[in-house]
Number of protein chains: 2
Amino acid sequence: MPDEGVRAATSEATTHRLSLLLRALRVLEAEGVGTVSSHDLAARFGLHSAQIRKDLALFGEFGVRGVGYRVAELKDRLRNLMGLDRSRTVVIAGAGNLGQALADSRNFNSDGFHVAALFDLDGRKVGSKSRSGVSIHHASEIPQAARELKAEIGVLAVPAEAVPDVARALVDGGVVAILNFAPVTLPAIENVVVKNVDLTLFLENLSFQLKERGR
Amino acid sequence: MPDEGVRAATSEATTHRLSLLLRALRVLEAEGVGTVSSHDLAARFGLHSAQIRKDLALFGEFGVRGVGYRVAELKDRLRNLMGLDRSRTVVIAGAGNLGQALADSRNFNSDGFHVAALFDLDGRKVGSKSRSGVSIHHASEIPQAARELKAEIGVLAVPAEAVPDVARALVDGGVVAILNFAPVTLPAIENVVVKNVDLTLFLENLSFQLKERGR
DNA sequence: TGCTGTGAAACCGTTCACAGCT
DNA sequence: AGCTGTGAACGGTTTCACAGCA
């Protein structure tokens, strides 16, 4: 049973697995599968079944003993749990390759999110639109535009040196979560959820693993 | 002292911290800082100093008691440790927004890596180049071209449904590590280092954290 | 004195094993 | 019988605290 009081923040690992779980449930539902066991689910990700059950147990009881989990129901409850049952507005700072890639990504515009605006300093880009039609505004308009659009999530796809100023502008615009792709750690900001994702680190991770394997 | 025998694979968490550490050391070196303590370093990432020392202790002794770490020396030893002291060739499958963004990224073309080719199915793209000059070849040429370029790392920036075939083509081309950005888990492949990175999951993570904080 | 390197302790996440429900 | 939910055991990671060296 979940604690009704203050709950500790869910661990990164659990959060990640719940996302994968939801993805798998969507596939199963599309395939017309009605129920699924923790064992079946775990096998999809190379996990142990108890892991799946423990992750879910943090939030309540979801299954039926002797039967398993009803796919459609569990999927809906997970979406609700993760806050994906409503659409949050996303704005992206930096209309370079990466910013535009994210703006046009199907994955950034489905089930819980939609990209409402891009921002850039480059006057040649300002006023135009990304391939999928997201308007590019001048970076100086971030606070005002973010507020008008009721943006909740800001994405940083700008150079490292621009991060502090742009992050501040986003927060001024009322954004409550920031996803930072620049290769610099954006420190914690009060009342804002910050996540740093440096794509280079994934490559370095591969290099390191290759090195450890003697390649 | 590091074990001279078979070493357990370094944990994900340690790998990640070492990358951040290296990034910080590069900045410090550029600033002309000569030595730095584990405490100073830890403060940069909101970590504990013992964490830094323990991470490094996995690989040997790097510091000077009473003094700290010599920035330039530690940086060089870390680069060597992570296999970044040589340049590995990267090829990218999928010349869409994301693929081209990665191909042109300074971060994917510095200190240890360089992107040698892009591949796509779209005939209109084949034969042209990305903004920074990376040639786009037809996907059918992946095995041969990867081999000729001596590519060690393959990046998947293709739709989920194309992942299995393209991954196989990369492995046929001699690639020993794959970084998969498609929203589908690429299962382990023998003798290949696989890393799955779904950008959507980072957004979902933010959504989940917002939900937990009652936003 | 100051800071590293490291055993020991504390903490957290995973796996086991089984009670309990269908 | 089958599968969930969960206390207990386990294993790994982080933090503490201090010995040892410059």
Side-chain angles (χ1 to χ4, degrees), chain A residues 1-4 6-21 24-25 28 33-71 73-75 77-78 81 205 212, chain B residues 1-4 6-21 24-25 28 33-71 73-75 77-78 81 205 208:
Chain A
M1 197 211 308
D3 196 323
E4 291 300 326
V6 177
R7 191 208 314 280
T10 306
S11 77
E12 186 89 12
T14 295
T15 305
H16 186 250
R17 285 192 299 265
L18 288 178
S19 275
L20 293 179
L21 191 52
L25 288 167
L28 288 170
V33 175
T35 63
V36 66
S37 70
S38 58
H39 192 87
D40 294 343
L41 287 168
R44 298 205 157 217
F45 318 115
L47 298 175
H48 281 250
S49 61
Q51 182 97 77
I52 303 279
R53 298 199 298 277
K54 269 272 153 77
D55 283 341
L56 293 175
L58 293 171
F59 303 97
E61 305 204 351
F62 295 84
V64 183
R65 288 169 198 236
V67 178
Y69 300 91
R70 273 193 278 273
V71 172
E73 185 201 327
L74 181 56
K75 188 209 70 176
R77 291 183 67 184
L78 271 186
L81 208 70
N205 180 313
E212 287 197 308
Chain B
M1 200 211 306
D3 197 323
E4 291 300 325
V6 177
R7 191 207 315 279
T10 306
S11 78
E12 186 90 13
T14 296
T15 306
H16 186 250
R17 285 191 300 263
L18 289 178
S19 275
L20 293 180
L21 193 51
L25 289 167
L28 288 170
V33 176
T35 63
V36 67
S37 71
S38 59
H39 192 87
D40 293 343
L41 286 168
R44 302 205 156 217
F45 320 115
L47 298 176
H48 281 252
S49 61
Q51 183 97 78
I52 304 280
R53 298 198 300 275
K54 269 270 152 77
D55 283 342
L56 294 175
L58 293 171
F59 303 97
E61 305 204 352
F62 295 84
V64 183
R65 290 170 196 233
V67 177
Y69 301 91
R70 273 192 278 274
V71 172
E73 184 201 327
L74 181 56
K75 188 210 71 177
R77 291 183 67 182
L78 271 185
L81 207 70
N205 180 314
F208 194 11

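Only a predicted model underlies this, so the values are computations on that prediction, with no experimental measurement involved.
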(request) Check whether any side-chain nitrogen or oxygen of B:Tyr69 sits under 4.0 Å from OP1 or OP2 of C:dG5, and answer yes or no. (result) yes

(message) Taking 4.0 Å as the cut-off, does a side-chain nitrogen or oxygen of B:His48 come that near to OP1 or OP2 on D:dC16?
(response) yes

(request) Could you tell me the separation between the CG atom of B:Asp55 and the C1' atom of D:dG12, rounded to a whole number of Å? (result) 14 Å

(request) Calculate the interatomic distance between B:Leu58 atom CG and C:dT6 atom C1'; express it in whole Å. (result) 12 Å

(message) Quick one, A:Val71 with A:Thr35, criterion side chain to side chain contact (heavy atoms under 4.5 Å, CB included). Give me CA distance, side-chain angles, the key distance, then yes/no.
(response) CA-CA 5 Å; A:Val71 172; A:Thr35 63; 5.6 Å; no

(message) So, OP1 or OP2 of C:dG13: does either fall under 4.0 Å of a side-chain N or O from A:Gln51?
(response) no

(request) Output yes when at least one side-chain N/O atom of B:Arg17 is less than 4.0 Å from OP1 or OP2 of D:dT14, else no. (result) yes

(message) Rounded to the nearest 0.5 Å, what separates atom OG1 in A:Thr10 from atom CG in A:Asp55?
(response) 9.0 Å

(request) Take atom CG of A:Leu47 and atom C1' of C:dT14, then tell me their distance rounded to the nearest Å. (result) 10 Å

(request) Describe the nucleic acid contact of A:Ser49 in one word from base, sugar-phosphate, nothing, applying a heavy-atom distance below 4.0 Å. (result) nothing

(request) Report the nucleotide, chosen from C:dT6, D:dT14, D:dA8, that has the shortest atom-to-atom distance to any side-chain atom of B:Ala13. (result) D:dT14

(request) Specify the separation, in whole Å, of atom CZ of B:Phe45 and atom P of D:dT14. (result) 14 Å

(request) Could you tell me which non-hydrogen atom of A:Leu28 sits nearest to which non-hydrogen atom of A:Arg44, and how far apart they are? (result) CD2-NH2, 3.2 Å

(request) Mind calculating the distance between CG (A:Leu18) and P (C:dG13) to the nearest angstrom? (result) 13 Å

(message) What is the separation between atom CZ on B:Phe59 and atom C1' on C:dT6, rounded to the nearest whole Å?
(response) 16 Å

(message) By nearest heavy atom, map A:Gly66 and A:Arg53 onto DNA chain D; which one lands nearer the 5' end?
(response) A:Gly66

(request) Select one nucleotide: of C:dT22, C:dT6, C:dG2, the one nearest the side-chain heavy atoms of B:Arg65. (result) C:dG2

(message) What is the distance, to the nearest angstrom, from the CZ atom on B:Arg70 to the P atom on C:dG2?
(response) 20 Å

(request) Identify the heavy atoms of B:Ala42 and B:Ile52 that sit nearest to each other, and give their distance. (result) CB-CG1, 3.9 Å

(message) So A:Leu47 and A:Leu20, do their side chains get closer than 4.5 Å, heavy atoms only?
(response) no

(message) At less than 4.0 Å, is any side-chain N or O atom of B:Ser38 found next to OP1 or OP2 of C:dC3? Yes or no.
(response) no

(message) Using whole Å, what does the distance between atom P of nucleotide C:dC3 and atom CG of B:Leu56 come to?
(response) 16 Å

(request) Would you indicate which nucleotide in C:dT15, C:dT4, C:dT6 comes nearest to any side-chain atom of A:Lys54? (result) C:dT15

(message) I want to verify a distance call: between C:dA19, C:dT15, D:dA22, whose nearest atom is closest to the B:Val64 side chain?
(response) D:dA22

(message) Categorize B:Thr14 for me: base, sugar-phosphate, or nothing, with a 4.0 angstrom heavy-atom threshold over every strand shown.
(response) nothing

